[in-house]
Amino acid sequence: MKGLKQRIAWAIVIASLLGTAGCGPPFPKQTLEKVDKSLSFRELLKDPERYRGRWVMAAGMIVDVKNLKEGTLLEVLQKPMDSRGRPLQGDVTEGRFIVSSEKFLDAAVYQKGRVLTVVGEVAGSTVKLLSEIEYKYPVLAAKDLYLWEPAYTGPRFFFGIGVTKQL
């Protein structure tokens, strides 16, 4: 009986460690240390030029992708982030921003509707037409990008505590 209890205790410890291993942000510690956590997206949106050169982390949903000779521009609808940096679902947003990447980001992968988190250096702003209005977009030069897997929205069946079976 003692052996069974000991195995169960070890199984719980291992499961706990595995469960918390994926709970941190998807970026290296060295990258996150450069991020100015005191700068809110709302402040950045008001005056991007003032914050030029600062590193920020922002998240949202891709609404447009433009591949150019110099790299890729992603237009992103900002979303609040959870503790891991993943954009939250829902209609809450404070605006839009542009992610500028020197790399080619394939529009078939970085497609409209996908959510991402970016750590980028504020590179200023650009004004573009958004429907019929002129909109001032903060521009972030991507230092690191994380494209999140789409959220699973299909049926789920639960067996026991904490075990999920997806069909």
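Because the structure is predicted, anything quoted here is derived from the model rather than measured.
- Considering every non-hydrogen atom in both G53 and E121, the closest pair reads CA-OE2, 3.4 Å.
- G124 and P48 get closest at one heavy-atom pair: O-CB, 3.4 Å.
- Sequence neighbours left out, not one pair with a member in residues 98-116 passes side-chain hydrogen bond (donor to acceptor under 3.5 Å, both in side chains).
- In this structure, P138 and L45 have side chains that are in contact, with non-hydrogen atoms separated by less than 4.5 Å.
- The two residues A107 and N67 make their nearest non-hydrogen contact at N-ND2, 4.0 Å.
- No side-chain donor-acceptor contact under 3.5 Å links K34 to the backbone of G120.
- Residue Y146 comes nearest to P26 through the heavy atom pair CD1-CB, 3.4 Å, listed as atom of the first residue, atom of the second, then distance.
- Cluster annotation: Y135 is connected to I98 through the hydrophobic network of ILVMFWY side chains, with a link wherever side-chain heavy atoms come within less than 4.5 Å.
- The CG atom of L130 sits 9.0 Å away from the NZ atom of K128 when rounded to the nearest 0.5 Å.
- Between the OG1 atom of T31 and the NZ atom of K143 there is a distance of 10.5 Å, given to the nearest 0.5 Å.
- Cluster membership check: V109 shares its hydrophobic cluster with V118, using side-chain heavy-atom separations under 4.5 Å among Ile, Leu, Val, Met, Phe, Trp and Tyr.
- Scanning all heavy atoms of the two residues, the minimum distance from F27 to L32 falls at O-CD1, 3.7 Å.
- Between R42 and L44, the closest side-chain pair of non-hydrogen atoms is not below 4.5 Å.
- In the hydrophobic cluster analysis, where Ile, Leu, Val, Met, Phe, Trp and Tyr join through side-chain heavy atoms closer than 4.5 angstrom, V119 is grouped apart from L145.
- To the nearest 0.5 Å, atom CG of residue D144 and atom CE of residue M57 are 11.0 Å apart.
- Both L147 and V99 are assigned to one and the same hydrophobic cluster, defined by single-linkage of ILVMFWY side chains at heavy-atom distances under 4.5 Å.
- Under the 3.5 Å distance criterion, the side-chain polar atoms of T72 are matched with a main-chain donor or acceptor of L105.
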Show me the side-chain donor-acceptor pairs of residues 75-82 shorter than 3.5 Å, one per line, residues at least two apart or across chains.
{"from": "E75", "atom 1": "OE2", "to": "R96", "atom 2": "NH1", "distance (Å)": "2.6"}
{"from": "E75", "atom 1": "OE2", "to": "Y137", "atom 2": "OH", "distance (Å)": "3.0"}
{"from": "Q78", "atom 1": "OE1", "to": "E94", "atom 2": "N", "distance (Å)": "2.8"}
{"from": "K79", "atom 1": "NZ", "to": "G90", "atom 2": "O", "distance (Å)": "2.4"}
{"from": "D82", "atom 1": "OD1", "to": "R84", "atom 2": "N", "distance (Å)": "2.8"}
{"from": "D82", "atom 1": "OD1", "to": "G85", "atom 2": "N", "distance (Å)": "3.0"}
{"from": "D82", "atom 1": "OD1", "to": "R86", "atom 2": "N", "distance (Å)": "2.9"}

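- In this structure, CD1 on I62 lies 4.5 Å from CG on L116, to the nearest 0.5 angstrom.
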Evaluate the side-chain contact (heavy atoms from CB on, under 4.5 Å) criterion for residues V122 and L140: first the C-alpha distance (whole Å), next the side-chain angles of each, then the deciding distance (0.1 Å), finally the verdict. CA-CA 5 Å; V122 179; L140 304 181; 3.9 Å; yes
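- Separating the CG atom in L68 from the CZ atom in F104 is a distance of 11.0 Å, to the nearest 0.5 Å.
- Between T117 and A59, the shortest heavy-atom contact is OG1-CB, 3.7 Å.
- In summary, E49 and R52 engage in a salt bridge, as defined by a charged side-chain N under 4.0 Å from a carboxylate O.
- Screening residues 39-87 for ring pair (Phe, Tyr, Trp, His ring centres under 6.0 Å) gives F41-F97 as the qualifying pairs, with residues at least two apart or on separate chains.
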